[in-house]
Amino acid sequence: MLSLLFHYLIPASLYGGDTAFPVLARIDLELGRCRGAAEAAAVVERGKPELYTSLRLRFDPAPAQALTLRILNICLARYHLRARATSLLSRPFGLVADPSDMCRLACPGCVHSSRAETLKLFDWHKGTLGEDRFSALLKLYGPYAIGVYFCNYGEPLLNAHTPKLIRQAKSYLLGTALSTSLSVQRFEPEAYVQSGLDFMVLAIDGATQGVYQSFRRNGNLELVFDNVRKLVDAKRRLGSPTPVLSWNFLAFEHNAHEIRLARHLARRLGVNQFRVVNPFDVRWDDPEIRPAAVIGGVRRFGPQPGSNPPENWNPFPASVDAEAIARAFESPWNRPAADDSPPSPGHTCHWLYKNMAMDATGRILPCCGAPRPDTNLVFATFDGNGGDPFNSEKYRQARSFFATGHVAFEAAPYCTQCEWDQATVNIGGAEIRRYFRAADASYFDRRSLRILSGW
Ligand code: SF4
């Protein structure tokens, strides 16, 4: 941890260490001069051997190849976003996947709320993500991505195979995180600790049952606390610093008075941190549930690893899927059929270039927005039998809309009328910095990380 802090605060160049900065700066400069995707592809192809040779001095072949691919993929994604491209050579560097589309809770504002289900407000199905579908998704995007967030609208712990899915992701050296209510009867804490999971959000918005269930409807706080104890105990018995446990408390008017008590309980239970989060406004669903006027923030308890600690970057070196990574490394960046739109300084949505979401049944969503019957938000269906959903027709239409301002298609994607936050993605700059710092905080110094994450 101390060395991580040292490398973060003091640029490697100041004490004579090699960094990724010279090669990254050159690739970035050359990409900035490109006038089309074919030229951009040539730039990253030329950069590949140099980057790999430099990384190979620090890593085994598979991690060095994986890091090379991830860096070049991020550089290309940045190029595409700047060019407002409609078809991309780059892959999503962040994946959001629901291991289960189901949840036993009914929190206001969610697709599972009582009102939403009664009125059928959302186009949401029941389903469980199978290992085969997820494995196919990883084959396609795993070598290029930096992380997977294992939840969107479902409770990930309801899928008995979630620890296996996490382990699959770790075999591609991906960062992994999930969010859970922990209000589940069947729970194997050891399986989660041994899966290699980096970070676990515990969504607990109260310290007493009455207050807690005002929002976490159908939730059982005693069961939640029992599962927290089991998790903390499993980490201790197995000697694992991960997953880092973050008790996240959504601050509403009805529960803000319990923040202090909850923080106290969090410390006593042995989680790593307690975070007060300002929630989305869910009054459209239940007018009684109102956000509280409190300042969000995090309290960390004692010395602890970061959320992607170096020792967990590659927790299973013997299980790294070297073959899949090598295959991707040997493949040239192919030129897609469609041409770029003319570069435009206008607004675009970052989700369309950075992350991709998939529900448990394989429906591809461009962001974390929930599809409704009246919105066109399902951009493809992924069954693992070929095709690149990140360049589906709907994706291309959405990117083209921002690039040109035209809606020249029937059944236009929801993006053409969207008013959501289009700049903040689930896996973005903070996660890029954390990922590469975990890999080698000295080599990926501040200047290198600025190029990779500052866009
Ligand atoms: S424009 Fe809106 S609907 Fe489309 S991907 Fe971005 S946030 Fe989602």
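If you're wondering where the values come from, they're calculated on a predicted model, not measured in any experiment. As a basis for the values below, the full set of heavy atoms in this structure was taken, side chains included, without hydrogen atoms, waters or symmetry mates. As the structure lists them, so they are numbered: ligands from 1, and atoms in each ligand from 1.
Using a 4.0 Å cut-off between charged side-chain N and carboxylate O, Asp205 and Arg216 make a salt bridge.
With a 4.0 Å cut-off on non-hydrogen atoms, Phe402 touches ligand 1 through its side chain and not its backbone.
Although no hydrogens or angles enter the test, the distance criterion places no donor-acceptor pair under 3.5 Å between the side chain of Asn73 and the main chain of Ala145.
Close approach of ligand 1 to Leu377 (heavy-atom distance below 4.0 Å) involves ligand atoms 3 (S).
Ligand 1 does not have Thr375 within reach: every non-hydrogen atom of the residue lies 4.0 Å or more from it.
Excluding waters, the protein N/O/S atoms found under 2.8 Å from atom 2 (Fe) of ligand 1 are Cys418 SG.
Listed by chain and number, the residues in a ring-ring contact (aromatic ring centres under 6.0 Å, His included) with Tyr149 amount to none (sequence neighbours excluded). Remark: Glu50 engages Arg26 in a side chain to side chain donor-acceptor pair (under 3.5 Å) (not counting sequence neighbours).
Taking OH from Tyr153 and CH2 from Trp124, the interatomic distance works out to 7.0 Å, rounded to the nearest 0.5 Å.
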Listed pairs under 3.5 Å, donor-acceptor, residues 128-137 side chains, sequence neighbours left out:
residue, atom, partner, partner atom, Å
Arg133, NH1, Thr361, O, 3.3
Arg133, NH1, Phe382, O, 2.6
Arg133, NH2, Thr361, O, 3.3

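There is a side-chain donor-acceptor pair under 3.5 Å between Arg433 and Ser453.
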